Amino acid sequence: MRLTVLGSGTVSPSATRTSASYWVESGGVRLLIDCGAGTLHRMATFGVDWFGTTHIALSHFHADHWGELPAFLFAQRWGADTPRTGKLSLFGPRGLKPRIQALAQAFGQWILSPGFPIEIVEIEPLERHELGPGTFLECHRTRHTDESVAYSITDNDGRMVYTGDTGPSDDLAIWARGCDLLLSECSLPDDRAIDTHLTPAQAGRLARTADAGRLVLTHFYPPVEAVDPVARAAAEFEREVIAASDGDIFVIDGKR
Ligand SMILES: [Zn+2]
Ligand SMILES: [Zn+2]
């Protein structure tokens, strides 16, 4: 399994970090997780097979996590030399379907019938969706918005967990237990902690409780970058801690 960080930022404009967006390759699966502003152009910059996207998974409905979805769908229809024909499956938390209907109201009915089969799935905790042979997607509710979820992707190589946006949560840590890579939001410095986001120390504690193989920090608002988030997280978690940059690639190969 291979993770490419497309966007390690937030809604804050940044010259180096676009909004939330991650690309996971596993077997024949090409999964886009979140689709914030900048996703399409980052896909081109980093040379991922955007036209071959098989699945999308949205963590919640804040604009920096799915604001570029209409443009992404438009690109699948008009952005390549020939229109797409293969099916696209779109996963998201409860409330996804009415929101896609609303997008169709705003942008046109092609959103619902873009010229290729589109499947819309409101994913629930405890469900296990096989995206391709041996590659599974699961979710867990998070403490951020009413609908927000974290995602787990498992294949024969191992397991990665993406927190989406969340607050501190032992439940989430227990659910993530034993993952090879924890991709954790790290929004705010420790002295500005709130219930609905994580600080570096909280991300480190989450990784420790989850017994993660390594911790990749992402989703940085500018103030958290001023406090050396890796050092703060590493004080709580003894294994490898990395601050993601746009374009970083992580391979999950089962070696811990
Ligand atoms: Zn966010
Ligand atoms: Zn959010």
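When a ligand or atom number is given, it counts from 1 through the structure's own listing order. Because the structure is a prediction, the values reported are computed rather than measured.
For residues 4-47, the ring-ring contact (aromatic ring centres under 6.0 Å, His included) pairs, not counting sequence neighbours, are Y22-Y162.
At a threshold of 4.0 Å, the pair R94-E147 does not count as salt-bridged, since none of the basic side-chain nitrogens sits closer than that to a carboxylate oxygen.
The N, O or S atom of D165 lying closest to the Zn ion (ligand 1) is OD2.
For R2, the CZ atom counts as loosely surrounded, since its 6.0 Å shell holds 12 or fewer non-hydrogen atoms of other residues, nucleotides or ligands.
Metal site remark for the Zn ion (ligand 2): H144 contributes an N, O or S atom at a distance under 2.8 Å. Among the atoms of H219, an N, O or S atom falls under 2.8 Å of the Zn ion (ligand 1). The Zn ion (ligand 1) has no N, O or S atom of H62 inside 2.8 Å of it.
No close placement of the H55 and H129 rings is indicated, their centers lying 6.0 Å or farther apart.
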